[in-house]
Amino acid sequence: MDSSEGRFLDRALDLAERGRGAVEPNPVVGAVVARDGAAIAEAWHESFGGPHAEAAALDRAGPAARGADLHVTLEPCAHHGKTAPCVEAIRGAGIRRVVYALDDPDPRTRGRGAGALRAAGIEVSRAETHRAEAARQNAPFSKWTRTGLPVVTAKWAMTLDGRLATASGDSLYLTSEGGLSRAHLERARAGAICVGIGTALRDDPRLTVRPAHGDGGSAPPARPPLRVVLDSRARLPVTTRLVETAREAPVLVAATSAAPPERAEALRRAGVEVLTLPAGTDGRVDLGALVSALGARAIQSVLFEGGGEVLGALFSAGLMDRVVVLVAPRIAGGAGAPGAAGPPGPPMPVGGRGAARLADAPRIPGASFRVSRSGDDATLEAWIRDPAAEPA
Ligand code: AOF
Ligand code: ZN
């Protein structure tokens with residue numbers, strides 16, 4: 001692969017991202033048509049049921065596509081779905097060579113697109129250089145397609161010394177504007193955002209996606225993420241900001257049979273959906289059951305924002321796929337500060353029993369661990385189960 005092919009695939013990955021929030025449960029896909037190192041046309045999959053990225057890019061290129069190369073983030077489809085097969089559009093347009101990054105994860109269609117293109121005499125190549133990024137980008141689509149389950153991300157913000165707040169509990173606006181934008185980008189990418197009742201009562205969060213400004217800013221998604229509160233006894237007051245906005249963006253209270261019917265009824269009257277799920281041995285909502293229930297609603301990615309008990313339970317249950325940590329350049333200090341070692345003290349980012357030995361604390365390989373800047377803050381992104389590590 002020459003360097004211009006790499007550039008066009010980078011661009012296609014960026015373009016694909018623009019469909020996030022509007023195409024699910026379909027994949028995000030980007031495409032660039034180019035000739036002699038110059039782009040002719042580009043497109044992305046913009047909406048569920050709408051034209052596929054390749055077909056849209058070829059359409060824009062028109063007759064200029066004859067003899068040109070197509071760069072696409074996902075193997076072109078060969079099936080008749082909501083649209084005609086992309087391989088037919090590619091053949092019809094007279095494309096010379098197709099470079100794609102990721103095999104279609106759908107076992108029913110995987111390999112068929114590349115095969116059909118080769119059979120039509122078109123040169124086809126899978127770009128190994130971009131496979132890992134493409135696999136991470138479409139991890140929600142791939143995991144859900146294969147298992148019916150969403151990708152689970154845990155997110156928290158902390159100081160340089162690992163504190164969630166100061167000793168007096170001051171935690172609001174821990175991060176800079178840049179960190180806040182990054183946090184909202186994660187929300188915009190999620191199909192559901194989940195917190196525990198403790199966090200809901202303490203912080204009274206809205207859990208909405210606020211359009212952010214500047215770098216890393218996120219456009220509000222076409223469909224607002226489902227806001228979920230883990231609340232076995234349905235204690236969420238109807239006067240919280242979550243419930244007050246329930247008719248603008250959906251709210252789901254995940255309860256158990258321990259919830260008094262009149263509490264559930266009050267929430268329902270306020271526009272909240274109350275879902276009764278099985279309880280774990282501790283009486284709390286079984287998180288595995290919640291994640292499965294979200295997958296059954298075609299939600300492909302869930303963002304857990306805390307608190308520590310919820311993240312601890314997620315970790316103990318082996319449900320975390322990915323972690324996003326914002327690190328603010330501050331030191332809070334203090335033996336009693338949340339996150340500090342030893343009791344008593346408010347929760348750590350990830351509570352629960354934790355790993356007994358270092359060997360039980362999964363070590364994340366370098367390729368699955370990324371460090372970047374978000375304004376004044378650092379963002380650490382780690383794949384605990386890296387989709388890029390799955391067999392090609
Ligand atoms: C997309 N957008 O740009 C590409 C896709 O339901 P359909 O007919 O839209 O087909 C969805 C399947 O098409 C999807 O699961 C994937 O296998 C393939 N490629 N899908 O939504 C696109 N290129
Ligand atoms: Zn297609």
Side-chain angles (χ1 to χ4, degrees), residues 8-34 39 41-61 65 69-95 97-120 122 124-127 130-131 133-151 189 191 221-223 295 298-301 387 390 392:
F8 295 136
L9 283 169
D10 287 342
R11 175 72 184 155
L13 285 167
D14 285 348
L15 291 167
E17 219 39 63
R18 300 188 187 178
R20 180 100 48 204
V23 303
E24 291 81 1
N26 276 357
V28 294
V29 186
V32 177
V33 181
E42 51 182 39
W44 64 96
H45 184 48
E46 292 188 33
S47 63
F48 177 75
H52 288 185
E54 311 88 304
L58 291 171
D59 211 42
R60 283 184 193 161
D69 300 346
L70 173 70
H71 309 77
V72 57
T73 55
L74 185 69
E75 176 184 0
C77 68
H79 72 291
H80 285 271
K82 292 180 214 63
T83 63
C86 287
V87 294
E88 275 172 23
I90 294 167
R91 191 171 48 194
I95 287 289
R97 171 173 161 81
V98 173
V99 189
Y100 71 93
L102 184 70
D103 289 324
D104 191 332
D106 186 339
R108 293 166 305 175
T109 52
R110 177 192 179 102
R112 300 244 172 93
L117 289 169
R118 282 196 188 98
I122 296 165
V124 183
S125 157
R126 191 181 71 185
H130 289 67
R131 197 185 69 83
E133 258 334 285
R136 291 181 192 122
Q137 177 174 68
N138 264 320
F141 170 72
S142 301
K143 183 179 176 188
W144 183 80
T145 300
R146 289 188 179 124
T147 66
L149 297 172
V151 165
R189 287 175 175 174
R223 278 168 296 196
I299 288 174
Q300 297 177 336
S301 61
E390 279 173 20

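Bear in mind that the values here come from a model prediction, so they are computed numbers and not experimental data. First listed ligand is number 1; within each ligand, the first listed atom is number 1.
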> Can you tell if the side chain of Val99 reaches within under 4.5 Å of the side chain of Asp69, non-hydrogen atoms only?
Replying inline: no
> Taking atom CG of Leu58 and atom CD1 of Ile95, what is their separation to the nearest 0.5 Å?
Replying inline: 5.0 Å
> Any donor-acceptor pair under 3.5 Å linking the side chain of Trp44 with the backbone of Val28?
Replying inline: no
> Which of these, Glu46, Glu75, His52, has its nearest heavy atom closest to atom 1 (C) of ligand 1?
Replying inline: His52
> Can you tell me which residue and heavy atom of the protein come closest to atom 23 (N) of ligand 1, and the distance to 0.1 Å?
Replying inline: Glu54 OE1, 2.9 Å
>> Could you identify the N, O or S atom of His52 positioned closest to the Zn ion (ligand 2)?
In response: ND1
> Thr73 and side-chain contact (heavy atoms from CB on, under 4.5 Å): which partner among Leu13, Asp14, Leu9?
Replying inline: Leu13
> Under a 4.5 Å cut-off applied to non-hydrogen side-chain atoms, are Arg112 and His79 in contact?
Replying inline: no
> CG of Leu149 to CD1 of Ile299: how many Å apart, nearest 0.5 Å?
Replying inline: 12.5 Å
> Which of the numbered atoms in ligand 1 are below 4.0 angstrom from a heavy atom of Thr83?
Replying inline: 8 (O)
> Would you call the rings of His45 and His52 parallel, tilted or perpendicular, where under 30° means parallel and over 60° means perpendicular?
Replying inline: perpendicular
> Which heavy atom of the protein is the closest neighbour of atom 14 (C) of ligand 1, given with residue, atom name and distance?
Replying inline: Pro27 CD, 3.8 Å
> Any idea which protein heavy atom is nearest atom 3 (O) of ligand 1, and the distance to it?
Replying inline: Ala53 N, 2.7 Å
> Please state the angle at the Zn ion (ligand 2) spanned by SG of Cys77 and SG of Cys86: what is it, rounded to 10 degrees?
Replying inline: 120°
>> side-chain contact (heavy atoms from CB on, under 4.5 Å) for Val124 and Glu75? Distances and angles first, verdict last.
In response: CA-CA 10 Å; Val124 183; Glu75 176 184 0; over 6 Å; no
> So, is Leu74 polar-close to ligand 1, with some N/O to N/O distance under 3.5 Å?
Replying inline: no
>> Please list the nearest protein heavy atom to atom 6 (O) of ligand 1 with its residue and the distance rounded to 0.1 Å.
In response: Lys82 NZ, 2.3 Å
>> I need the nearest protein heavy-atom contact for atom 15 (O) of ligand 1: residue, atom name and distance, please.
In response: Phe141 CZ, 3.3 Å
>> Show me which atoms of ligand 1 lie under 4.0 Å from any heavy atom of Asp104.
In response: 16 (C), 17 (O), 18 (C)
> Is ligand 1 under 4.0 Å from a heavy atom in the side chain of Asp106, in the backbone, in both, or in neither?
Replying inline: neither
> Tell me, which protein residue and heavy-atom name are nearest atom 12 (C) of ligand 1, and how many Å apart are they?
Replying inline: His79 CE1, 3.6 Å
> Do Pro105 and Leu74 come within less than 4.5 Å of each other through their side chains, counting heavy atoms only?
Replying inline: yes
